[in-house]
Amino acid sequence: MGEFNFQKKINWHRQFRSPEGTKNEHEIQRIFESDRGRIINSAAIRRLQQKTQVFPLERNAAVRTRLTHSMEVQQVGRYIAKEVISRLKEARLLDQYGLSELTGPFESIVEMACLMHDVGNPPFGHFGEAAINDWFRQRLLPGTETDIPRKEARAAEVLCLREGETALNTLRQHVITDLCHFEGNAQGIRLVNTLMRMNLTWAQMGCILKYTRPAWESSPAPEGFHYLMKKPGFYLSEANYIVRLRKELSLQENCRFPLTWIMEAADDISYCVADLEDAVEKRIFSLEQLYQHLSTAWGAHDTGDLFSLVVEDAWEKSQAGKVRSGAEDVFFMYLRVNTLSKLVPHAARRFIDNLPEIYPGHFNHALLEDDSPYSRLLGMFKHVAMRHVFSHPDVEQLELQGYRVISGLLDIYRPLLLLPLADFHLLVSGGNVRHLPIESRLFHKLSSKHCMAYQEAIEKLDKTQPEYPVWEFYYRCRLIQDYISGMTDLYAWDEYRRLMAVE
C-alpha cells in the first residue's frame with residue numbers, strides 16, 4: 001500500500017453503535033448508503049427549500065433555493081469524484097491508494113457532503129450570519145451594551161472579567177469570541193452531530209468540516225494554514241467531538257479531510273453560474289447585458305481561449321436557436337455544460353497532483369485557486385455576480401430586511417438571556433413561573449430539540465465548579481442561536497411579524 005492509503009481516511013465507523021468487525025466492500029457500501037438515507041430524509045435538508053440562495057423570500061420557483069443549489073452542487077461533486085477515480089484507475093493507482101474497494105464510498109461521501117454543505121446557514125444567508133454576530137458583539141464585547149445598567153445585564157455578568165480569576169477569564173474570553181463568530185459551516189457541524197444526532201460515519205462528518213479554525217480562536221492562523229482557517233469551522237460546544245473526529249480520521253490539528261476539497265470545488269463551480277442565471281430570471285439584467293458584463297470582465301479574447309470555448313460558444317448557440325427556443329435556456333445550458341467540461345477535469349487534476357499535501361490535510365488552497373485560465377474563468381463569473389447581482393438595489397433591500405428580521409427576533413428572545421440562572425432553570429424544569437409571564441411564553445416557543453440539547457449539555461457540567469455559570473450562559477446563548485438560525489426565511493419573516501404585532 002502506498003503512502004496515500006485512503007482506507008485510513010474513509011472510516012466507516014460511527015460515534016455511537018458502530019458495527020464491529022472487518023467489513024467487505026458490499027457491507028461498507030451499505031453503511032454509507034445508510035448515511036445517504038439519514039441525510040436525504042433529514043428535516044435539515046427539507047428546510048433548505050425555504051432558505052435563501054441569493055434572493056430571499058422568492059416566489060418564483062425557477063429561482064434557486066439552498067436546496068436546489070445543494071442538489072446542483074451534489075451533482076458536480078459526484079462528477080469530480082468520478083473523474084478523480086477514473087484518472088486514478090487509468091493510472092493503475094487505485095490499489096496503491098487503497099481505493100480499489102472504496103470507489104463507491106469515495107463518491108458517496110463527496111455527494112452527501114455537497115448536499116449538506118449549507119445545512120447550517122441561517123435565514124437570509126450571509127446577512128443572517130452578520131445579524132447574529134453583530135447582535136452578540138454589541139451585547140457581549142467590552143465597551144458595548146455590556147455596560148448597560150446591571151439590572152438589565154444580570155445574566156451577562158457571568159462573562160465580566162475579574163482580577164485573580166485567570167482560568168475563568170480565559171474561558172470567558174473564549175465564550176465571548178465563540179458566540180460572536182456564528183458561521184454557517186460551524187453551525188452545520190453542530191446541527192448534524194449535536195442537534196439532530198444523525199450519528200454519521202466519521203468519514204462523512206470529516207467531509208463537511210470545511211474550515212479548521214475554532215470559533216473561539218482570536219489569534220492569527222499558524223503559518224501555512226491561513227486558507228484552511230479563514231473562517232470558523234466549529235464551536236466550543238463541539239470541541240471534544242472534533243478532537244475525536246481528528247483521531248478517527250488520522251488528521252493533525254488544523255488539517256482538513258481530503259475529500260472536502262472536492263466538495264468545496266463543486267460549490268465554487270455550481271454557484272458561479274447559478275447566481276448569474278437567477279439574476280437573468282429575476283430580470284436584474286438581460287441576457288445581452290450579462291454577455292457584455294462577462295466580455296468586459298474577461299477583456300480581450302482570442303479564438304480558442306477559454307472565454308471563447310465557454311462563454312462565446314454558449315452565446316453563439318443561444319443566438320442561433322433563438323427562433324426555435326428561448327435564448328436564455330439555451331445560453332445557460334451550454335454555459336453550464338462548457339464550464340463543467342473545463343473546470344471539473346482541472347479540479348480532478350489539481351486534487352491528484354497535490355495529494356502529497358491534500359491527503360494529510362494541509363493543502364492551503366482551494367482546488368480552483370491557482371494562476372490558470374480555469375481559475376480566471378471562475379473569478380470572472382464571481383466578479384460579475386458581485387458587481388452586478390449582489391449590489392443590485394433589489395437584492396440589497398431584501399438583505400437589509402433579512403438583517404432586521406434576525407436582529408428583531410434576537411431582541412424579542414433577549415429576556416431569556418437576561419434571566420438569572422435559577423429562574424431560567426425554573427422554566428427548563430417546567431416549574432411554577434407565574435412571576436415570569438413573558439419569559440415563560442418565549443421559552444414555550446423554543447424547539448424541544450434545541451431545548452433537549454441545552455439540557456443534555458448542562459447535565460454533563462459539575463454545578464459545584466466556579467465555571468458552571470459561564471458554561472450555562474454559553475449553552476443558553478447557543479440555544480437561542482440554534483433556534484433562530486434553524487428557521488427558514490419564511491418562518492422567520494412570519495414569526496417576526498407575529499411577535500411584533502404588525503399583522
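From a predicted model like this one, the values you see are computed outputs, not experimental measurements. Hydrogens, waters and symmetry mates are skipped; everything else that's a heavy atom, side chains included, is used.
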| request: Check the angle between the aromatic planes of F6 and Y97 and answer parallel, tilted or perpendicular using the 30° and 60° thresholds. | output: tilted
| message | Assess, by modelled atom type and distance only, whether the side chains of D95 and S100 contain a donor and an acceptor separated by less than 3.5 Å. | response | yes
| request: State the CD1-CE distance between I39 and M196, to the nearest 0.5 angstrom. | output: 10.5 Å
| said: What verdict does the side chain to side chain contact (heavy atoms under 4.5 Å, CB included) test give for V405 and F124, after you've listed the backbone C-alpha separation in whole Å, the side-chain angles of each residue and the deciding distance to 0.1 Å? | reply: CA-CA 9 Å; V405 166; F124 309 107; 3.9 Å; yes
| query | Can you name the one residue among I109, I189, D35 that meets side-chain contact (heavy atoms from CB on, under 4.5 Å) with M205? | reply | I189
| query | Do R256 side-chain atoms and Y211 backbone N/O form a donor-acceptor pair below 3.5 Å? | reply | no
| said: Ring centres under 6.0 Å, that's the criterion: do F363 and H365 meet it? | reply: yes
| query | Looking only at atom types and distance, does a side-chain atom of N24 sit under 3.5 Å from a main-chain N or O of E27, one as donor and one as acceptor? | reply | yes
| query | Could you state the interatomic distance from NE2 (H450) to CD1 (I480), rounded to the nearest 0.5 Å? | reply | 10.5 Å
| message | Ignoring hydrogens, what is the shortest heavy-atom contact between G206 and L245? Give both atom names and the distance. | response | N-CD1, 4.0 Å
| request: Carefully, step by step, assess R36 and E111 under the rule salt bridge (Lys or Arg N to Asp or Glu O under 4.0 Å). | output: CA-CA 9 Å; R36 293 175 71 92; E111 267 197 84; 3.4 Å; yes
| task | Supply the atom-to-atom distance I80 CD1 to L259 CG, rounded to the nearest 0.5 angstrom. | result | 11.5 Å
| said: Whether K9 engages the ring of Y359 as a cation-pi pair (distance to the six-membered ring centre under 6.0 angstrom, angle to the ring normal within 45°) should be assessed. | reply: yes
| task | Could you label the plane-to-plane angle of the F225 and H362 rings as parallel, tilted or perpendicular, counting under 30° as parallel and over 60° as perpendicular? | result | perpendicular
| query | With a 6.0 Å cut-off on ring centres, are H69 and H117 close enough? | reply | yes
| message | Rounded to the nearest 0.5 Å, what separates atom CG in L409 from atom CH2 in W493? | response | 11.5 Å
| request: Give the C-alpha distance, both sets of side-chain angles, the deciding distance and a yes or no for salt bridge (Lys or Arg N to Asp or Glu O under 4.0 Å) between R350 and D353. | output: CA-CA 5 Å; R350 287 268 290 167; D353 292 346; over 6 Å; no
| Can D134 and Y403 be counted as having a side-chain donor-acceptor contact under 3.5 angstrom? | yes
| field | F234 six-ring face occupied by R190 cation (under 6.0 Å, within 45°) | value | no
| said: Tell me whether the NZ or CZ atom of R14 lies within the 45° cone about the ring axis of W202 and under 6.0 Å from its centre. | reply: no
